[in-house]
Asks: 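Handing you a structure now.
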Amino acid sequence: MGRFLALFHGAADEAGKADLTEQQQTEFINAWASWAQANEKAIVDPGAPLNAKKLVTAQGVEDVTDSLTGYTIVEAGSHDEAVQIFSGHPHLGLFAGNSIAVLECPPPPGAP
């Protein structure tokens with residue numbers, strides 16, 4: 001089994017997010033919970049929203065705004081299997097243009 005990091009990218013701007021009704025928000029949260037329950041055996045870390053962001057470089061630290069909205073970590077038999085886990089995720093249907101990047105996280109060299 002390998003580990004995979006899913007990074008959720010949101011396409012909505014603040015105005016678009018504000019347009020979501022309370023019912024739409026509730027339906028989305030319920031759909032997310034159903035997805036998590038259906039995939040609970042694969043989920044290692046359910047993740048969290050990604051809010052205040054800072055970029056650290058050799059030149060210093062700066063505030064960053066990007067499309068990353070959250071993450072989840074799963075275990076799967078292959079990269080394709082991990083991608084399949086996220087193919088029906090409700091995040092993809094919340095706003096046009098939303099996406100999920102699924103990245104393989106191999107163990108560091110020399111790790112047991």
Side-chain angles (χ1 to χ4, degrees):
M1 295 293 266
R3 284 203 175 188
F4 300 87
L5 170 66
L7 295 172
F8 296 84
H9 293 268
D13 58 15
E14 291 305 314
K17 293 177 195 175
D19 285 344
L20 281 179
T21 67
E22 191 172 318
Q23 180 178 346
Q24 288 171 314
Q25 292 176 29
T26 299
E27 288 171 359
F28 175 72
I29 290 169
N30 290 340
W32 190 302
S34 293
W35 174 88
Q37 185 175 19
N39 293 286
E40 67 183 329
K41 291 182 180 176
I43 297 172
V44 174
D45 180 347
L50 300 174
N51 294 329
K53 302 168 191 172
K54 300 212 179 261
L55 180 66
V56 180
T57 69
Q59 289 71 41
V61 178
E62 61 184 273
D63 291 333
V64 174
T65 301
D66 61 24
S67 68
L68 291 173
T69 61
Y71 78 93
T72 297
I73 300 172
V74 298
E75 282 188 340
S78 69
H79 199 172
D80 288 339
E81 186 180 314
V83 166
Q84 188 62 34
I85 290 170
F86 291 96
S87 67
H89 196 284
H91 173 76
L92 298 172
L94 186 60
F95 293 105
N98 277 5
S99 63
I100 304 171
V102 181
L103 301 100
E104 184 178 14
C105 302

Asks: Testing the basics here: between A6 and I100, what is the closest heavy-atom pair and its distance to 0.1 Å?
Replies: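 Between these two residues, the closest heavy atoms are CB-CG2, 3.8 Å.
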Asks: Would you call the rings of F86 and H89 parallel, tilted or perpendicular, taking 30° and 60° as the class edges?
Replies: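 Rings of F86 and H89: parallel, as their planes differ by under 30°.
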Asks: Under 4.5 Å between side-chain heavy atoms, chaining through other members, with only Ile, Leu, Val, Met, Phe, Trp and Tyr counted: pull out the rest of the cluster around L7, sorted by chain and number.
Replies: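 Members other than L7 - counting any ILVMFWY side chain reachable under 4.5 Å - are L5, V44, L50, L68, Y71, I73, L103.
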Asks: List the residues meeting side-chain hydrogen bond (donor to acceptor under 3.5 Å, both in side chains) with E75, not counting sequence neighbours, and say none if there are none.
Replies: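 Listed in chain order: R3.
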Asks: How would you list, by chain and number, every residue that makes a ring-ring contact (aromatic ring centres under 6.0 Å, His included) with H79, sequence neighbours excluded?
Replies: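 Result, ring-ring contact (aromatic ring centres under 6.0 Å, His included) vs H79: F4.
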Asks: Could you pull out all residues at least two apart from D63 that satisfy salt bridge (charged side-chain N to carboxylate O under 4.0 Å, His left out)?
Replies: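 Per chain and number, D63 pairs via salt bridge (charged side-chain N to carboxylate O under 4.0 Å, His left out) with K54.
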Asks: Under the side chain to side chain contact (heavy atoms under 4.5 Å, CB included) rule, collect the residues that match up with Q84, sequence neighbours excluded.
Replies: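 Expected list: S87.
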Asks: Got a donor-acceptor contact below 3.5 angstrom from the W35 side chain to the I85 backbone?
Replies: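 Indeed, once roles are kept as given, a pair shorter than 3.5 Å links the two residues.
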Asks: Which residues satisfy the salt bridge (charged side-chain N to carboxylate O under 4.0 Å, His left out) test with D80, sequence neighbours excluded?
Replies: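 For D80, no residue satisfies salt bridge (charged side-chain N to carboxylate O under 4.0 Å, His left out) once neighbours in sequence are set aside.
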Asks: List, by chain and number, the other hydrophobic cluster members for V64, where Ile, Leu, Val, Met, Phe, Trp and Tyr join if side-chain heavy atoms come within less than 4.5 Å, directly or indirectly.
Replies: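 Traced through the cluster, V64 reaches L55.
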Asks: Please report the closest heavy-atom contact between A36 and I43, naming both atoms and the distance.
Replies: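 Smallest interatomic distance, heavy atoms only, reads O-CD1, 3.7 Å.
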Asks: Please identify each residue that fulfils side chain to side chain contact (heavy atoms under 4.5 Å, CB included) with N30, with sequence neighbours left out.
Replies: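 So N30 forms a side chain to side chain contact (heavy atoms under 4.5 Å, CB included) with T26.
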Asks: Identify, with sequence neighbours excluded, every residue that meets side chain to side chain contact (heavy atoms under 4.5 Å, CB included) alongside N98.
Replies: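 For N98 the side chain to side chain contact (heavy atoms under 4.5 Å, CB included) partners, ignoring immediate neighbours, are A11, H91, L94, F95.
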Asks: With E27, which residues qualify under side-chain hydrogen bond (donor to acceptor under 3.5 Å, both in side chains), at least two apart?
Replies: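 Testing E27 for side-chain hydrogen bond (donor to acceptor under 3.5 Å, both in side chains), a comparison that skips the adjacent residues, returns Q23.
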Asks: What heavy-atom pair brings L92 and S99 nearest, and what distance separates the two atoms?
Replies: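 Taking L92 first and S99 second, the nearest heavy atoms are CD2-CA, 3.8 Å.
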Asks: Who pairs with S67 by side-chain hydrogen bond (donor to acceptor under 3.5 Å, both in side chains), at least two apart in sequence or on another chain?
Replies: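 So S67 forms a side-chain hydrogen bond (donor to acceptor under 3.5 Å, both in side chains) with H9.
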Asks: Under the salt bridge (charged side-chain N to carboxylate O under 4.0 Å, His left out) rule, collect the residues that match up with E40, sequence neighbours excluded.
Replies: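 Testing E40 for salt bridge (charged side-chain N to carboxylate O under 4.0 Å, His left out), a comparison that skips the adjacent residues, returns none.
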